[in-house]
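The structure appears right after this line, and notes come after that.
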Amino acid sequence: MSRWRTNPRAPDPLASSGWGGGRRAQGPDLSWANPDLTRRQALRLGAVGVAGLAGLTAMSGCAAVPAPAPVDAPKVRGGVYSHGATGGGLRDTLDPHFPVTNPDIARVFQLYEPLLRWNNEYVVEPSLAESVEHSDDALTWTVRLRQGVEFHNGKTVTAQDVLHTLAVVTDPEKTSPGGTQLAEVLDLGNSAIVDPRTIRLQLKTPYAILDQLLAEYTVGVIPTDFDLAHPVGTGPFRVQRFVPGQLSHFERFDNYWEQPAYVDELFIYNFADDAAKVNALLAGQVQSIDNLPTYLAEGIGQQGATALIAESGAWTPFTMRVDVAPFNDVRVRQAMRLIVDRQQMIDQALNGYGTLGNDLYAPFDPGYAHDLPQRTRDVDQARSLLRAAGHENLQVELTTSSGIGGGAVESANLFVEQARGAGVQVRLSRVDPNTFYGDQYLSWVFAQDFWNTRNYLPQTANSSLPTAPYNETHFDDPEFNDLIRRAGAETDETRRNELQRQAQQIEFDRGGFIIWGFRNQVDAYSNLTTGLKPHRYMACDAFGFKHVSFVS
């Protein structure tokens with residue numbers, strides 16, 4: 001049996017930007033931001049100030065740098081809070097079930113909520129459901145909803161809304177990322193509403209970790225009459241305005257079932273440029289940013305902001321398409337993995353804010369294969385494999401983007417240098433976020449991407465199976481697929497972990513990811529605010545802006 005049971009107004013960021021009030025929509029006024037902020041300049045931030053950052057303390061109206069307030073400091077109600085999100089573009093969406101970029105994900109956390117959720121320690125806990133229980137054979141799961149939870153339109157959440165949501169995310173014509181594995185195991189035709197607050201979910205096959213799927217942020221519960229043109233959910237904020245590629249504007253939902261948010265309004269802005277993002281924080285234009293460049297984590301404390309650092313299982317892999325030359329030859333993939341100096345990547349691309357990777361994901365999963373030998377840089381072996389594959393003078397193009405965040409561009413530059421030492425010529429193609437996550441996304445032959453913390457089986461459902469929505473490597477290994485299917489159906493954790501161990505061995509030997517490390521999540525917030533805590537799952541306390549408050 002498995003069970004969970006419940007036991008002063010900030011400056012309006014639009015005022016100086018020409019947005020809102022019937023004026024034309026445009027980006028925030030960042031003309032003062034320096035787009036050429038360099039790593040060397042940024043390292044000097046705390047000592048003499050960075051070119052383009054001079055005078056920002058004065059611009060924010062502070063004569064002295066405020067000390068950070070404790071996260072549990074008394075909360076003050078009111079104010080307008082703004083967050084700077086990394087990346088995004090014209091394909092931005094408010095769709096609860098198809099977020100792609102950081103701004104998309106940030107919006108989802110404000111508007112919608114799943115039945116269960118991951119807490120700050122990455123443990124599943126109740127959300128809209130007060131309890132979730134399964135039968136001994138894991139074929140039947142019973143969900144009991146909280147009493148009186150409201151959608152933004154005032155309608156009470158019912159069992160019918162839950163079944164409708166599950167039908168939407170598993171729709172065979174448009175299966176959502178969070179619904180891919182659910183579609184494999186849920187038998188909605190034989191599931192039933194027991195009463196307005198209780199649902200009995202029947203599965204086609206035993207699935208022992210259904211709770212982890214129900215905790216995905218991409219399975220937010222929506223009403224039966226949901227309309228994306230006027231989206232409503234159960235989240236702590238409701239939407240007021242949305243301009244794809246630029247901003248989203250929210251107001252507090254006062255009937256939120258948990259503690260209502262402290263701030264009156266929330267803005268989320270897109271930033272494709274790290275310099276502009278940091279400058280906006282230090283100038284008081286935004287109160288938090290995700291994916292702070294790690295080389296600023298220490299110096300930013302002398303500029304009126306605090307770095308928010310969380311140990312996480314997040315990763316920024318290099319992705320090799322296993323179905324396209326030259327990476328359809330496993331020897332080439334193995335060589336590319338041997339080229340990487342992983343510790344150098346962590347030291348320089350992440351400035352030490354990370355832990356060593358071994359081409360495997362989900363380091364917090366109890367079944368993580370810690371026993372596999374640590375892969376290290378071996379140029380001679382890499383050259384030998386490339387010769388055997390007929391690619392002694394290999395030339396490849398690596399596609400990256402600032403919109404990926406989390407040390408992506410920095411690690412890409414390092415890889416170019418490391419590959420040169422093995423006789424491989426890598427041409428770096430840096431594209432804007434609109435292009436990277438546009439029509440060619442998931443088609444790049446050799447590229448990068450970002451993933452947040454997940455356990456092993458949910459991650460495979462998102463990235464490593466032929467049915468996965470974001471299978472960047474186009475991995476489709478019959479033996480691997482069978483092991484994952486069997487592992488999901490196994491109710492004995494020891495036996496399930498052994499099946500996972502065999503699947504990880506396959507990915508280690510012939511997968512398409514180069515997973516060089518797990519980055520600590522490094523974000524930042526203004527010392528004039530309080531409330532954000534480190535979170536293993538997602539940036540900025542899982543975009544927990546419902547917790548933030550201005551300091552009194």
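Just so it is clear, the structure is predicted and the values come from calculations on it, not from any experiment.
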Checklist entry - After noting the C-alpha distance and the side-chain angles of Thr218 and Val169, does the key distance pass the side chain to side chain contact (heavy atoms under 4.5 Å, CB included) rule? => result CA-CA 9 Å; Thr218 48; Val169 300; over 6 Å; no
Item to check | side chain to side chain contact (heavy atoms under 4.5 Å, CB included) assessment of Val124 paired with Arg117 | outcome: CA-CA 6 Å; Val124 172; Arg117 66 189 178 192; over 6 Å; no
Checklist entry - Under the ring pair (Phe, Tyr, Trp, His ring centres under 6.0 Å) criterion, do Phe480 and Phe475 qualify, and how do the steps go? => result CA-CA 10 Å; Phe480 175 85; Phe475 192 63; 5.4 Å; yes
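No donor-acceptor distance shorter than 3.5 angstrom exists from the side chain of Thr435 to the backbone of Val431, with no hydrogens or angles considered. Under a 3.5 Å cut-off, the side chain of Gln334 and the backbone N or O of Asp509 do form a donor-acceptor pair. A donor-acceptor pair under 3.5 Å links the side-chain atoms of Thr175 to the main chain of Asp171, judged by distance alone. Between the side chain of Asp449 and the main chain of Ile404, no donor-acceptor pair closer than 3.5 Å is present. Using a distance-only test at 3.5 Å, with no hydrogens or angles considered, a donor-acceptor pair links the side chain of Ser402 to the main chain of Ala272. A donor-acceptor pair under 3.5 Å is formed between the side chain of Gln110 and the backbone N or O of Ala106. Gln181 contributes no side-chain N or O that, together with a main-chain N or O of Ala461, makes up a donor-acceptor pair within less than 3.5 Å. Looking only at distances, a side-chain donor or acceptor of Gln418 sits under 3.5 Å from a matching main-chain atom of Asp341. Between the side chain of Asn520 and the backbone N or O of Val522, no donor-acceptor pair lies under 3.5 Å. A donor-acceptor contact shorter than 3.5 Å links the side chain of Asn358 to the backbone of Pro373.
Under 4.0 Å is where a charged nitrogen must lie from a carboxylate oxygen, and between Arg485 and Glu490 no such pair does. Salt bridge present: Asp274 and Lys277 bring a charged side-chain N and a carboxylate O closer than 4.0 Å. The residues Arg501 and Asp371 are annotated as salt-bridged, a charged nitrogen and a carboxylate oxygen being separated by less than 4.0 angstrom. For the pair Glu311 and Arg536, the salt-bridge criterion is met [side-chain N within less than 4.0 Å of a carboxylate O]. Checked for salt-bridge contact, Asp347 and Arg342 miss the test: no charged N lies under 4.0 Å from a carboxylate O. Taking the charged nitrogens against the carboxylate oxygens, Arg337 and Asp359 do have a contact shorter than 4.0 Å, which makes a salt bridge.
By the 4.5 Å heavy-atom criterion applied to side chains, Thr170 and Leu182 are counted as neighbours. Residues Asp477 and Arg510 are in side-chain contact: their nearest non-hydrogen atoms beyond the backbone lie under 4.5 Å apart. Phe513 has its side chain within reach of Ser464: a pair of non-hydrogen atoms, C-beta onward, lies under 4.5 Å apart. Contact annotation: the side chain of Leu394 approaches that of Pro326 to within less than 4.5 Å [non-hydrogen atoms, C-beta and beyond]. Looking only at side-chain heavy atoms (C-beta outward), Leu214 and Leu210 come within less than 4.5 Å of each other. Side-chain contact check for Val219 versus His97: every heavy-atom pair is 4.5 Å or farther apart. Between Ile339 and Val424, the closest side-chain pair of non-hydrogen atoms falls below 4.5 Å. Contact of the Arg454 side chain with the Asn462 side chain is registered, since non-hydrogen atoms from C-beta on lie closer than 4.5 Å.
Side-chain contact annotation: Ser288 with His83, donor-acceptor N/O pair under 3.5 Å present. Side-chain N/O atoms of Asp541 and Tyr525 include no donor and acceptor closer than 3.5 Å. In this model, no donor atom of one side chain and acceptor atom of the other lie less than 3.5 Å apart for Thr376 and Gln343. Side-chain contact of Thr86 with Asp290: a donor-acceptor pair under 3.5 Å is present, judged by distance alone. A donor-acceptor contact closer than 3.5 angstrom links the side chains of Arg519 and Thr316. Checked by atom type, the side-chain pair Trp516/Gln344 shows no donor-acceptor distance below 3.5 Å. Between the side chains of Ser526 and Gln287, no donor N or O sits under 3.5 Å from an acceptor N or O. In this structure, a donor-acceptor pair under 3.5 Å is absent between the side chains of Gln500 and Arg496. Under the 3.5 Å distance criterion, with hydrogens and angles disregarded, no donor-acceptor pair is assigned to the side chains of His535 and Asn119. Residues Asp523 and Asn291 bring no donor and acceptor atom of their side chains to less than 3.5 Å of each other.
Atoms CZ and CD1, on Arg107 and Ile268 in that order, are 6.5 Å from each other to the nearest 0.5 Å. Here the CG atom belonging to Asn527 is positioned 11.0 Å from the CD atom belonging to Gln303, to the nearest 0.5 angstrom. The line from CH2 of Trp451 to OG of Ser312 is 14.5 Å long, rounded to the nearest 0.5 Å. Rounded to the nearest 0.5 Å, atoms CD1 (Ile300) and OG1 (Thr306) are 8.5 Å apart. Between the CD atom of Glu184 and the CD1 atom of Ile484 there is a distance of 12.5 Å, given to the nearest 0.5 Å. For the atom pair Leu338 CG and Ile514 CD1, the distance stands at 9.5 Å (nearest 0.5 Å).
Residues Pro103 and Gly87 approach most closely at CG-O, 3.6 Å, considering heavy atoms. What you find for Ile209 and Pro458 is that their closest heavy atoms are CD1-CD, 3.8 Å. Closest non-hydrogen pair, Ala215 versus Pro114, comes out as O-CG, 4.0 Å. Shown here for Gly88 and Pro433, the closest heavy-atom pair between the two residues is O-CB, 3.5 Å. Contact detail for Ala276 and Phe271: the closest heavy-atom pair is O-CE2, 3.6 Å. Across every non-hydrogen atom of Asn452 and Ile105, the tightest pair is ND2-CD1, 4.3 Å.
Only one option out of Arg321, Arg333, His474 pairs with Phe327 in a side-chain contact (heavy atoms from CB on, under 4.5 Å); it is Arg333. The side-chain contact (heavy atoms from CB on, under 4.5 Å) test with Asp92 is passed by exactly one of Leu247, Asn270, Val243, Val100: Asn270.
Taking the centre and axis of the six-membered ring of Phe98, the NZ or CZ atom of Lys174 falls inside the cone set by 45° and 6.0 Å.
When the shell of 6.0 Å around CG of Asp439 is examined, it contains 12 or fewer heavy atoms from other residues, nucleotides or ligands. Annotation for Arg377: atom CZ counts as buried by contact number, over 12 foreign heavy atoms lying within 6.0 Å.
Residues Phe545 and Phe109 keep their aromatic ring centres 6.0 Å or farther apart.
Between Trp118 and Tyr537, the angle of the ring planes lies from 30° to 60°, which puts this pair in the tilted group. Note: Tyr361 and Trp315 have parallel aromatic rings, judged against thresholds of 30 and 60 degrees for the angle between ring planes.
The list of ring-ring contact (aromatic ring centres under 6.0 Å, His included) pairs with a residue in residues 384-420, not counting sequence neighbours, reads Phe318-Phe415, Phe415-Phe446.
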